[in-house]
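What's counted below: heavy atoms across the whole structure, side chains too, no hydrogens, waters or symmetry copies. Index from 1, following the sequence.
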Amino acid sequence: MYVNKGMSPTKIADELNEREILAPAIYLKIPIYMKKESTNGKYLWLRTQIRKILRNEVYIGSVVGRKYQKVSHKIAKVRMTKEEEHIVVENMHESIIDLNLWNKAQEKLKEKNVTKLRKYDHSLKGLVFCKECGSIATLRCRTEKRKSGKVWRADYFICSKRNSYTSLCSCKQIQANLIEEKIKENLQVELKNISYSEQELKEIFKNSQIDLKNRKTILNQRLKKQEEKLNWVNKVLEEIYQDKIEKIITIEDFEMLYKKQNTEKNELIKQIQETKLELEQINKKIENVDIGKISQKVKEVLELDNITKEMYQKLIEKVEFDKDKRIYITFKFSKYIGEEAKI
């Protein structure tokens with residue numbers, strides 16, 4: 001399937017599940033891999049199992065040892081060893097896979113050289129859901145270096161349950177750029193009649209400045225109370241220490257009281273730092289925000305240029321896609337049922 005039919009590990013897993021061929025977990029009697037949400041209630045093949053099989057030399061008659069090594073003779077903990085540390089003994093039993101076929105599979109695995117960027121973020125991450133089962137969609141990002149030296153990259157979303165094989169959800173992956181195109185297309189329809197006059201923008205600016213200054217006043221009052229309370233706690237700590245020296249209280253009482261007051265002191269210091277940080281941010285906003293920047297930001301939103309994650313979160317409730325790649329967008333200000341997104 002992998003070499004001759006060009007099927008990926010995921011496609012092979014799908015094929016074996018559709019044929020209801022027993023997975024290794026059944027004859028190895030590993031109940032932890034039972035998938036309760038599967039349609040037939042049986043164990044499921046996972047793409048990780050397929051990848052392990054494709055690389056396993058036992059199928060060509062070899063025995064591989066030293067895959068794990070004990071960390072220390074004093075403890076039972078073990079570590080996985082690197083491939084170059086393995087001990088391979090060839091021709092230990094009859095092979096069930098032709099060596100030539102196995103070598104072709106290894107060459108193909110090396111050529112693929114696809115890397116998953118697990119830490120990669122996307123502006124729509126957390127907003128996309130599977131229409132079939134309601135699960136949140138998982139972001140995948142893959143890169144592949146082409147012969148020309150250029151790096152190809154593709155971002156797409158897949159149902160998280162299908163991605164982890166916790167269920168046989170029929171919803172397949174969809175390219176992220178298709179969702180973005182559909183969102184922009186429908187945002188343009190929703191926003192084309194929205195416009196702001198210079199006077200309205202000045203009013204927005206004025207109100208934002210008032211809100212910021214009101215918030216600053218509240219934070220200054222909070223900071224004053226926090227600092228007063230911190231001074232009081234410091235005095236209490238001094239008195240407790242003095243009582244200990246003069247043996248007015250026992251060592252046990254001192255430790256208990258000191259611990260309690262010191263915990264409160266540390267919490268107050270943390271709160272004061274947070275308040276000061278927020279005040280600093282507000283002061284920057286008051287100093288830096290001007291009517292020109294507001295006008296530019298409004299223009300970017302209305303023209304759908306440079307849409308950020310924050311903008312998506314303010315405009316969109318959620319995006320759903322089904323097994324036929326139809327896209328359903330729910331805006332926070334209205335609802336739109338998308339047409340079929342064709343690849």
Do side-chain atoms of [X] reach the backbone of [Y] as a donor and acceptor pair under 3.5 angstrom?
{"X": "Asp322", "Y": "Lys131", "value": "no"}
{"X": "Asn56", "Y": "Lys52", "value": "no"}
{"X": "Lys325", "Y": "Gln173", "value": "yes"}
{"X": "His93", "Y": "Val58", "value": "yes"}
{"X": "Asn262", "Y": "Tyr258", "value": "no"}

Just verifying a value: how many Å separate [X] [atom1] and [Y] [atom2], rounded to the nearest 0.5 Å?
{"X": "Leu279", "Y": "Arg222", "atom1": "CG", "atom2": "CZ", "result": "9.0 Å"}
{"X": "Lys225", "Y": "Thr275", "atom1": "NZ", "atom2": "OG1", "result": "12.0 Å"}
{"X": "Ser95", "Y": "Glu57", "atom1": "OG", "atom2": "CD", "result": "12.5 Å"}
{"X": "Asn266", "Y": "Glu264", "atom1": "CG", "atom2": "CD", "result": "10.5 Å"}
{"X": "Asp98", "Y": "Asn103", "atom1": "CG", "atom2": "CG", "result": "8.5 Å"}
{"X": "Asn4", "Y": "Leu101", "atom1": "CG", "atom2": "CG", "result": "6.0 Å"}

So which atom in [X] and which in [Y] form the shortest heavy-atom distance, rounded to 0.1 Å?
{"X": "Ile240", "Y": "Ile249", "answer": "O-CD1, 3.9 Å"}
{"X": "Leu127", "Y": "Tyr312", "answer": "CD1-CB, 3.9 Å"}
{"X": "Ile97", "Y": "Ile60", "answer": "O-CG2, 3.7 Å"}
{"X": "Leu54", "Y": "Pro9", "answer": "CD1-CG, 4.5 Å"}

- Any chance CD of Glu90 has more than 12 other-residue heavy atoms, nucleotides or ligands included, within less than 6.0 Å? no
- Task: State whether the number of non-hydrogen atoms from other residues, nucleotides or ligands found under 6.0 Å of Met92 atom CE is greater than 12.
- Result: no
Would you kindly confirm whether [X] and [Y] end up in one hydrophobic cluster when ILVMFWY residues are joined by side chain heavy atoms under 4.5 Å apart?
{"X": "Ile269", "Y": "Leu277", "result": "no"}
{"X": "Phe129", "Y": "Ile327", "result": "no"}
{"X": "Val63", "Y": "Leu99", "result": "no"}
{"X": "Val3", "Y": "Ile96", "result": "yes"}
{"X": "Trp102", "Y": "Tyr2", "result": "yes"}

Using a 4.5 Å cut-off on heavy atoms from C-beta on, say whether the side chain of [Y] contacts that of [X].
{"X": "Ile50", "Y": "Leu16", "answer": "yes"}
{"X": "Leu268", "Y": "Val233", "answer": "yes"}
{"X": "Phe321", "Y": "Leu178", "answer": "no"}
{"X": "Phe157", "Y": "Thr138", "answer": "no"}
{"X": "Thr330", "Y": "Ile316", "answer": "no"}
{"X": "Arg153", "Y": "Asp155", "answer": "yes"}
{"X": "Cys133", "Y": "Cys159", "answer": "yes"}
{"X": "Ile12", "Y": "Trp45", "answer": "no"}

Under a 4.0 Å N-O cut-off, is there an ion pair linking [X] with [Y]?
{"X": "Lys318", "Y": "Glu320", "result": "yes"}
{"X": "Glu15", "Y": "Lys11", "result": "no"}
{"X": "Lys259", "Y": "Glu255", "result": "no"}

- Message: The test is side chain to side chain contact (heavy atoms under 4.5 Å, CB included); show your working for Glu274 and Lys270 and say whether it passes.
- Response: CA-CA 6 Å; Glu274 290 173 351; Lys270 182 181 176 183; 3.5 Å; yes
- side chain to side chain donor-acceptor pair (under 3.5 Å) assessment of Tyr156 paired with Asn177: CA-CA 8 Å; Tyr156 54 95; Asn177 66 312; over 6 Å; no
- Task: Quick one: do His122 and Glu180 satisfy side chain to side chain contact (heavy atoms under 4.5 Å, CB included)? Show the steps, please.
- Result: CA-CA 11 Å; His122 193 279; Glu180 289 180 297; 3.7 Å; yes
- With sequence neighbours excluded, what pairs up with Lys104 under the salt bridge (Lys or Arg N to Asp or Glu O under 4.0 Å) test? none
- Item | Residue pair Gln226, Leu223: steps toward the side chain to side chain contact (heavy atoms under 4.5 Å, CB included) verdict | CA-CA 5 Å; Gln226 288 170 340; Leu223 181 61; 4.1 Å; yes
- Query: Are Lys244 and Phe254 in a cation-pi contact, defined as NZ or CZ under 6.0 Å from the six-membered ring centre and within 45° of the axis?
  - Reply: yes
- Task: Step by step, work out the side chain to side chain donor-acceptor pair (under 3.5 Å) result for Glu246 and Gln242.
- Result: CA-CA 6 Å; Glu246 295 176 4; Gln242 193 63 37; 3.0 Å; yes
- Does the pair Asn214 and Leu212 meet the rule for a side chain to side chain contact (heavy atoms under 4.5 Å, CB included), with working shown? CA-CA 5 Å; Asn214 288 340; Leu212 287 171; over 6 Å; no
